[in-house]
Amino acid sequence: MKRVLLIGSGGAGKSTLARRMSKQLNITAFHLDKLLWKPNWQMTPKPEQAIIVNNLVRQDSWIIDGNYNGTLDIRVAAADTIG
């Protein structure tokens, strides 16, 4: 388990689980809400989202939490574990 994707409903605990798994597995957790929202609640444009996510999944290990259907295919293809 080196590339973990956490998806689910809003408020389900994805970020909490990602933080806990990060500590236990010693793998960096990335929270898409933090990475894709800009100041004043401006969403990152979809082409830029794809660049950000592609850069994340190229790393040897990661935990990524968030839904964001526009990049879900990228993350699913790269993950070895989905929860």
Side-chain angles (χ1 to χ4, degrees):
M1 204 172 6
K2 290 178 57 179
R3 294 174 161 203
V4 180
L5 173 58
L6 298 175
I7 54 177
S9 301
K14 296 178 299 295
S15 295
T16 299
L17 180 57
R19 283 190 296 273
R20 289 180 182 169
M21 290 180 75
S22 175
K23 288 179 185 175
Q24 287 227 313
L25 300 172
N26 197 29
I27 297 174
T28 303
F30 299 97
H31 310 283
L32 292 183
D33 282 344
K34 290 183 180 180
L35 295 171
L36 301 181
W37 284 101
K38 296 182 178 196
N40 298 315
W41 294 105
Q42 295 297 310
M43 176 54 76
T44 299
K46 289 192 187 283
E48 191 177 335
Q49 289 181 26
I51 292 168
I52 291 167
V53 170
N54 273 307
N55 287 333
L56 290 178
V57 300
R58 285 189 187 113
Q59 298 182 37
D60 289 334
S61 62
W62 42 260
I63 299 168
I64 299 174
D65 81 77
N67 290 330
Y68 299 92
N69 290 332
T71 62
L72 186 59
D73 59 334
I74 299 167
R75 292 175 282 134
V76 166
D80 63 25
T81 306
I82 300 173

Report task. Using the test side-chain hydrogen bond (donor to acceptor under 3.5 Å, both in side chains), find all partners of Arg19 that sit at least two apart in sequence or belong to another chain. Result -> Thr16

Report summary line: Hits for salt bridge (charged side-chain N to carboxylate O under 4.0 Å, His left out) against Lys46, two or more places apart or cross-chain, chain-then-number order -> none

Query raised in the report: Heavy-atom distance under 4.5 Å between the side chains of Leu32 and Val53, does that happen here?
Result: yes

Query raised in the report: Are Ile74 and Ile52 grouped together when hydrophobic residues (ILVMFWY) are joined by side-chain heavy atoms under 4.5 angstrom apart?
Result: yes

Query raised in the report: How would you list, by chain and number, every residue that makes a side-chain contact (heavy atoms from CB on, under 4.5 Å) with Asn67, sequence neighbours excluded?
Result: Ile7, Lys14

Report summary line: Contacts satisfying ring pair (Phe, Tyr, Trp, His ring centres under 6.0 Å) that involve residues 7-57 (not counting sequence neighbours) are Trp37-Trp41

Query raised in the report: Closest approach of Ala29 and Ala18, non-hydrogen atoms and distance?
Result: CB-O, 3.8 Å

**Report entry** For Ile27, side-chain contact (heavy atoms from CB on, under 4.5 Å) partners two or more places apart
**Finding:** Leu25, Ser61, Ile63

Report task. Output yes when a side-chain donor or acceptor of Thr81 lies under 3.5 Å from a complementary backbone atom of Val4, and no otherwise. Result -> no

Query raised in the report: What side chain to side chain donor-acceptor pair (under 3.5 Å) pairs are there with at least one residue in residues 2-11, not counting sequence neighbours?
Result: none

Report task. Any salt bridge (charged side-chain N to carboxylate O under 4.0 Å, His left out) involving residues 22-39? Give me the pairs, sequence neighbours left out, ordered by first then second residue. Result -> Lys38-Glu48

Report task. Indicate if Met43 and Leu56 have the same hydrophobic cluster label, given that clusters are the connected sets of ILVMFWY residues with side-chain heavy-atom separations under 4.5 angstrom. Result -> yes

Requested in this report: Determine, using the 4.5 Å side-chain heavy-atom cutoff (strictly less than), whether Leu72 and Ile82 are members of one ILVMFWY cluster.
Outcome: yes

Query raised in the report: Looking at residues at least two apart in the chain, or sitting in another chain, which of them share a side-chain contact (heavy atoms from CB on, under 4.5 Å) with Asn26?
Result: none

Query raised in the report: Got Thr44 and Leu35 here, is their nearest side-chain heavy-atom distance under 4.5 Å?
Result: no

Query raised in the report: Where do Ala79 and Trp62 come nearest, in terms of heavy atoms and distance?
Result: CA-CH2, 3.7 Å

Query raised in the report: side-chain hydrogen bond (donor to acceptor under 3.5 Å, both in side chains) with Asn55: which residues, sequence neighbours excluded?
Result: Arg58

Query - Pairs touching residues 61-83 that satisfy salt bridge (charged side-chain N to carboxylate O under 4.0 Å, His left out), sequence neighbours left out - result: none

Query raised in the report: Does Leu17 have any side-chain contact (heavy atoms from CB on, under 4.5 Å) partners at least two apart in sequence or in another chain, and if so, which?
Result: Leu6, Met21

